[in-house]
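First the proteins, then the strands, lettered A, B, ... as listed; each starts at 1.
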Amino acid sequence: MAFWHALLANWQSAWKARGLEPLPRVSLTPPDQKGNLTLNIFPLLKAFQNNPQKAAQAVLEPIPHIAQVEVVRGFINLTFTPAFWQEFLAEALQAPHRGYTRLSLAEGQKIMVEFLSPNTNKPLHLGHLRNLFLGESVCRLWERLGAQVIRANLLNDRGIHICKSMVGWKRFFAPRKPAEVGKKGDHFVGDCYVAFEKAYKAQVDQLKSQGVPEEEALVQAPLFQEAQALLRAWEAHEPEARQLWQEMNSWVYEGFEATLRRLGVRFDRLYYESETYTLGKALVEKGLSKGIFFQAEDGSVWADLSTVGLGRKLLLRRDGTSVYITQDLGTAHRKFSEYPDLTRSIYVIGDEQDHHMRVLKALLAQLDLPYAEKIYHLSYAMVELPTGRMKTREGTVVDADDLLDEMHAQAYALTESSLPENERHTIAEMVAQAAIRFYLLRSDPKKPILFDPAESIDLKGFTGPFLQYGYVRAKRLLEKAAEQGIEYSPNMALPPLQPAEEALLQQLYGLPSFLEGAARGLDPSILAHYGYELTRRYNELYQTLPVLMAPEPERNLRLGLTLVFLEALGAVLETLGIGVPARM
RNA sequence: GGCCCCGUAGCUCAAUCGGAAAGAGCACGGGAUUUCUAAUCCCGCGGUUGCAGGUUCGAGUCCUGCCGGGGUCGCCA
């Protein structure tokens, strides 16, 4: 008996030894067909004069534990023997971490995943949550494959947008502090930013009404002038500017930390743009002296990426200061200096930066840096509202904390009122987070998500709480079994399988291949779909067949199925970052 | 205008290097609870996969053109 990867490895070496090529592809048999696993041998048919039976015979000859075979055109549907399934259940329970819920495919790999990377001038919103959940889940996926993962976060803590918040505070909120107004620090600073933008827009409108063209108005507005002056003061290390900057950022960090603590996310390495924004200059100058980059007449430095279809890219302004990409070059370099043995460096960043990240990679390649090919942009699409994109200025942003609170309230209303108050809140919080996480992870990352605040997030159907509920019920059933002194015995032979039992066994068996697929594709939605289907199959069994009151050996089989189901679903939920209450 | 992503049921999404008769959830209609938690289960309804060609044993998937939505493109981050 072997789990997915070991089983396939055995088969493949047997096929290779017999010269069968190309190798059949193996997948779970679709529900409407009879069988457990399907071998796709279409590509092999030519070698057997288009005779599927002959080809199937050759392919199956070295494979043990087959109870039944159906050959349909280029498909071989095979059904395992009860003895195979008995052994599978026993081993999945005995050592799940050895190839079932944990794999060793990525052992020895060291992967850095940079995600979240927020601006520090406003609180986290729904888009950040998509980034956060995606990043965290990808980390957990690769940890399950055996890799060592470093979670990194680059805080965009300086720049004109930060200065806008600072001016906003000075003009409209000083000397008040978050604690005095009873607000989370990140929300308070966000208010400062919004107040700035509102007043700034009013100034621009006024200038425009006086006949000033918009482009000039945007620059001439006194508030903008003030923000720019503040940025210059900050860059000149003037104490007053630095002190306010530091204090306001500390408010934001407190707020962020509270949200991240609530969501159970921790980073291993924090990068601050205030420390990295001058990095990269040395790299650019080196490239310049080697003739890789060139200097324009006005003194600005450029890269020519037209050979790879990316045009020209500015690297240093004419005053010699860095632009964003310069900082990125420096940070990439720093990452590999700090962790020279990184096998891969993943950036979880929205798809509006596809071009930017392509440029970054191309520049590193031009500089002939060996890690150029190790960086990868995990690009994800935006979360959109029915009205279009979220816009801070228009007040259409769905705030992360608010959303969590709203979902908590919704979930709370569904909890059993006889439970103690604090437990009701614990349950509500877990259900709320499951709902949001699953909702944001169940879609392909590169596809936009449409979020309708009015309808909010479901708690039924294809949702996080559905999986949680399945888990909780199964767990409670086991507790009942324990109370009654019923134990699973791995040595008891299996009875003939009911359809619901066989369907569940089959899905359970597929777990390792889905873990691998989701990790390699950097796509947790694959696992979300797997987990939903798994739970659906367990629910069907639970609903239609008795477990504890069934006679032996049926009871033993269903107990074993329940145990392995919990093992598998537990792994799925953990990987998606979803916790489970004791009851719900 | 150039480049990139997306277009599948009324809505939100699946479909594993191209593989079986394109599947789920929501919504809608019907049914199931003396039985391990009904946040559940079962049945029904619902499709010219944006359009037109091409490649092949086979195309939602690959290629070409077009239509529609979004993003992005030398001194913002």
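In the model, A/T415 has a side-chain atom that pairs as donor or acceptor with a side-chain atom of A/R424 under 3.5 Å. Side-chain contact, A/T331 with A/Q327: a donor N or O sits under 3.5 Å from an acceptor N or O.
The base of B/U40 sits within donor-acceptor range of the side chain of A/Q543, with an N or O pair under 3.5 Å. Below the 3.5 angstrom threshold, one finds no donor paired with an acceptor across the side chain of A/N539 and the base of B/A38.
Put simply, A/K480 has a side-chain N or O that comes within less than 4.0 Å of OP1 or OP2 on B/U37. Proximity of A/R389 to the phosphate of B/G71: a side-chain N or O atom is located under 4.0 Å from OP1 or OP2. Using a 4.0 Å cut-off, some side-chain N or O of A/Y469 falls inside it from OP1 or OP2 of B/A39. For the OP1/OP2 pair of B/C75 and a distance below 4.0 Å, the side-chain nitrogens and oxygens of A/K313 include no atom meeting the criterion.
Straight-line distance between the C1' atoms of B/C11 and B/C45: roughly 15 Å, to the nearest whole Å. If you take atom C1' in B/C66 and the same atom in B/G19, they sit 29 Å apart, rounded to whole Å. The same atom, C1', is picked in B/A20 and in B/A59; the two are 14 Å apart, to the nearest Å.
You'll find the ring centres of A/F75 and A/F42 inside the 6.0 Å limit.
Minimum atom distance to the side chain of A/S27 is reached by B/U16, of the listed B/G19, B/U16, B/C36.
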